[in-house]
Amino acid sequence: MQPSDYVLLLGADQYLRERVFSGAKQATDLPVWAATEDAARKRNRTFDHVIEADPKNAEALLEAIRAHSVQGRHPRIVVPLNDWTVDSANAVNRALGLGGLDATAVTNARNKYAMKQALLAAGVRTPRCRLVESEQELSDAVADIGLPVVIKPYDFGGSGGVVLATTHEEAVAGLAESKAVVAEHGSSFNIRGDKYLVEQFVDSDDEVSVEVLCGAGRAEVLAVTEKYLSPRPWFAEMAHLVPSHRTGDPTLTDLAVRSCTALGIDRGLAHVEIKFGADGTAWVIEVAARPGGDGIMDQVERAYSLNPYWLHIGSYLGADLLDVAAHAVPARTSAIAFLKAAPGRIEDVLDGKPLPPEVRSFSISAKRGDRSEAAKNWSAREGIVELEWDELFTEKTALPVTTARELSEQTFVTGGLVEE
């Protein structure tokens with residue numbers, strides 16, 4: 001090991017990913033660096049060093065990295081932590097001969113249309129879809145797939161711009177809404193937003209996500225997370241619970257592993273979202289070549305007493321940690337749920353009341369004067385609550401969402417309606 005080497009993490013300074021640094025230090029003795037634009041104004045003392053570059057821009061990263069290389073400091077590996085950095089991290093790895101994901105695997109994980117084609121080619125059950133841009137293409141897709149359909153950007157995340165349509169008129173309005181969300185947030189996340197998916201709807205709210213540690217020729221499921229969605233026509237994730245009562249289901253495990261293999265993901269954690277139809281049939285909705293977001297990794301760590309970022313970063317560094325994932329056993333249940341005020345203007349925020357004993361953290365992000373809107377995506381939340389129970393549930397429980405709802409009702413005072 002050269003003392004001048006370092007590990008560069010991209011997206012590690014994102015909210016609810018604070019445990020990344022601890023996992024990195026468990027994976028390596030090397031200094032742990034991060035990247036951000038305007039590092040002087042966004043000073044982050046968690047990391048050993050922060051380079052000044054847009055973590056979503058491979059060319060900017062390479063320029064900054066090469067400037068440090070002149071001084072004798074070189075990255076051992078660049079590790080992506082969110083969707084927006086999967087492409088840039090692995091492009092830098094390939095450019096510098098450091099390894100990383102194959103370019104085709106990155107495309108399959110970032111372009112949802114390419115993802116669907118790769119899954120279908122491998123015989124993995126996933127909803128049919130069409131790629132559209134115009135209203136005429138939308139009409140053709142709806143006619144082909146049949147109502148209801150889900151409309152979504154083909155390269156976004158966080159449920160942004162994802163809408164259910166049960167009529168042709170709703171489909172037209174849904175495409176317009178999806179385009180509006182991309183127009184608002186696309187530049188921040190480097191989203192192209194030039195095409196949209198029209199997808200067959202799996203009529204179910206029974207959904208899980210599966211964290212899979214991938215390796216060359218082998219993959220192992222680490223954890224299964226129960227997901228709780230907002231009311232239709234949107235699909236915002238309002239709570240996550242680890243472990244799901246479906247943990248250990250061999251059919252689910254096999255499907256998640258085959259999905260990662262189909263996309264060519266051969267290192268790091270992958271995040272596989274799976275829905276169950278009314279007849280129990282499992283459908284792969286999406287696969288991401290990075291750890292789960294929304295604080296899911298924190299819940300995995302509490303439930304399993306194992307930092308999943310250690311496995312993700314260690315895998316990128318070449319360590320074989322598949323047996324660690326395969327033999328991880330949960331000792332308790334942990335959950336994160338999102339606070340949601342009633343629609344309207346928030347007139348007051350009432351804090352300080354006693355919290356239920358299962359609450360491990362409670363954080364309010366909204367303030368007086370804010371507008372509370374319908375739970376369309378990640379941006380329409382007013383805070384978080386993390387919960388823990390010294391038991392493993394054998395069936396789906398509503399406790400995360402009911403607790404968050406009760407705490408929201410006693411915390412937020414809203415008045416007046418917000419125009420949609």
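- Taking CD1 of Ile145 as the start and CD of Gln200 as the end, the distance is 7.5 Å to the nearest 0.5 Å.
- Rounding to the nearest 0.5 Å places CG of Leu81 at 9.0 Å from CG of Asp13.
- Nearest heavy atom pair, residue Lys116 against residue Pro127, reads NZ-CD, 3.7 Å.
- A ring-centre distance under 6.0 Å is not found for His68 and His74.
- Contact of the Val162 side chain with the Ser178 side chain is not registered, since no non-hydrogen atoms from C-beta on lie closer than 4.5 Å.
- Judged by distance alone, the side chain of Asp48 and the main-chain N or O of Trp33 form no donor-acceptor pair under 3.5 Å.
- With a 4.5 Å cut-off on side-chain heavy atoms, Ile296 and Ser209 count as touching.
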Between Ser372 and Lys340, does a side chain to side chain contact (heavy atoms under 4.5 Å, CB included) hold up when you go through it step by step?
CA-CA 8 Å; Ser372 173; Lys340 191 79 207 76; 2.9 Å; yes

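- The backbone N or O of Ala103 lies less than 3.5 Å from a partner atom in the side chain of Thr107, making a donor-acceptor pair.
- Atom-to-atom distance recorded for Gln71:CD and Arg66:CZ is 15.5 Å, nearest 0.5 angstrom.
- Between the Arg267 side chain and the Ala216 main chain, no donor and acceptor come within less than 3.5 Å of each other.
- Of the possible donor and acceptor atoms, one in the side chain of Lys179 sits under 3.5 Å from a partner among the backbone N and O of Glu133.
- In this model, no donor atom of one side chain and acceptor atom of the other lie less than 3.5 Å apart for Ser204 and Lys275.
- In this structure the side chain of Val349 reaches within 4.5 angstrom of the side chain of Phe412, judged on heavy atoms.
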The test is side chain to side chain contact (heavy atoms under 4.5 Å, CB included); show your working for Met297 and Arg19 and say whether it passes.
CA-CA 8 Å; Met297 297 298 93; Arg19 294 293 295 161; over 6 Å; no

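- A donor-acceptor contact shorter than 3.5 Å is absent between the side chain of Asp144 and the backbone of Asp140.
- Considering CG of Leu387 and OG of Ser334, their distance stands at 7.5 Å, rounded to 0.5 Å.
- For His240 and Glu226, the side-chain atoms include no donor-acceptor pair closer than 3.5 Å.
- Put simply, the side chain of Leu131 does not reach to within 4.5 Å of the side chain of Tyr196, judged on heavy atoms.
- With contacts defined as side-chain heavy-atom distances shorter than 4.5 Å, the pair Tyr316/Leu101 qualifies.
- Side chains of Arg302 and Glu386 form a contact here, defined as non-hydrogen atoms less than 4.5 Å apart.
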Does the pair Thr85 and Lys56 meet the rule for a side-chain hydrogen bond (donor to acceptor under 3.5 Å, both in side chains), with working shown?
CA-CA 5 Å; Thr85 59; Lys56 304 183 298 296; over 6 Å; no

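- Side-chain atoms of Glu177 and Trp234 include a donor-acceptor pair closer than 3.5 Å.
- Residue pairs meeting the salt bridge (Lys or Arg N to Asp or Glu O under 4.0 Å) criterion with at least one partner in residues 242-259, sequence neighbours excluded, are Asp206-Arg246, Asp254-Arg258.
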Walk me through whether Glu286 and Lys152 qualify under side chain to side chain contact (heavy atoms under 4.5 Å, CB included).
CA-CA 12 Å; Glu286 292 178 7; Lys152 64 176 73 171; 3.0 Å; yes

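- By the 6.0 Å and 45° rule, Lys396 stacks over the aromatic ring of Tyr228.
- The aromatic rings of Phe47 and Phe21 sit perpendicular to each other, their planes meeting at more than 60°, with 30° as the lower class boundary.
- Taking each heavy atom of Ser244 and Thr225 in turn, the nearest pair found is CB-C, 3.9 Å.
- In this structure, the side chain of Asp320 engages the main chain of Leu322 through a donor-acceptor pair within 3.5 Å.
- Glu382 places a side-chain N or O within donor-acceptor distance of the main-chain N or O of Ala341, the cut-off being under 3.5 Å.
- Here the straight-line distance linking atom CD of Gln299 with atom CD of Glu388 works out to 9.0 Å at 0.5 Å rounding.
- Heavy-atom contacts from other residues, nucleotides or ligands closer than 6.0 Å to CD of Glu59 number 12 or fewer.
- Rounded to the nearest 0.5 Å, atoms OG1 (Thr333) and CG (Asp390) are 9.0 Å apart.
- At least one side-chain heavy atom of Tyr154 sits under 4.5 Å from a side-chain heavy atom of Asn111.
- Across Leu317 and Ile77, no two heavy atoms sit closer than the pair CD2-CG2, 3.6 Å.
- A salt bridge links Asp294 to Arg381: one of the charged nitrogens lies within less than 4.0 Å of a carboxylate oxygen.
- Residues Thr411 and Ile364 approach most closely at CG2-CD1, 3.6 Å, considering heavy atoms.
- Side-chain atoms of Ser315 come within 3.5 Å of backbone N or O of Gly268 as a donor-acceptor pair.
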The test is salt bridge (Lys or Arg N to Asp or Glu O under 4.0 Å); show your working for Arg290 and Asp83 and say whether it passes.
CA-CA 7 Å; Arg290 45 76 179 168; Asp83 281 330; 3.0 Å; yes

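- Taking each heavy atom of Ala366 and Ile346 in turn, the nearest pair found is CB-CD1, 3.7 Å.
- Side-chain atoms of Thr281 do not come within 3.5 Å of backbone N or O of Gly277 as any donor-acceptor pair.
- Shown here for Leu339 and Phe362, the closest heavy-atom pair between the two residues is CD1-CE1, 3.7 Å.
- More than 12 heavy atoms of other residues, nucleotides or ligands shown are found within 6.0 angstrom of CD on Glu52.
- In this structure, Arg110 contributes its side chain and Val86 its backbone to no donor-acceptor pair below 3.5 Å.
- Inter-residue side-chain proximity for Thr166 and Arg232 is flagged as unmet; no heavy-atom pair is nearer than 4.5 Å.
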Walk me through whether Val79 and Leu8 qualify under side chain to side chain contact (heavy atoms under 4.5 Å, CB included).
CA-CA 6 Å; Val79 185; Leu8 179 59; over 6 Å; no

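- Side-chain contact of Asn82 with Gln14: a donor-acceptor pair under 3.5 Å is present, judged by distance alone.
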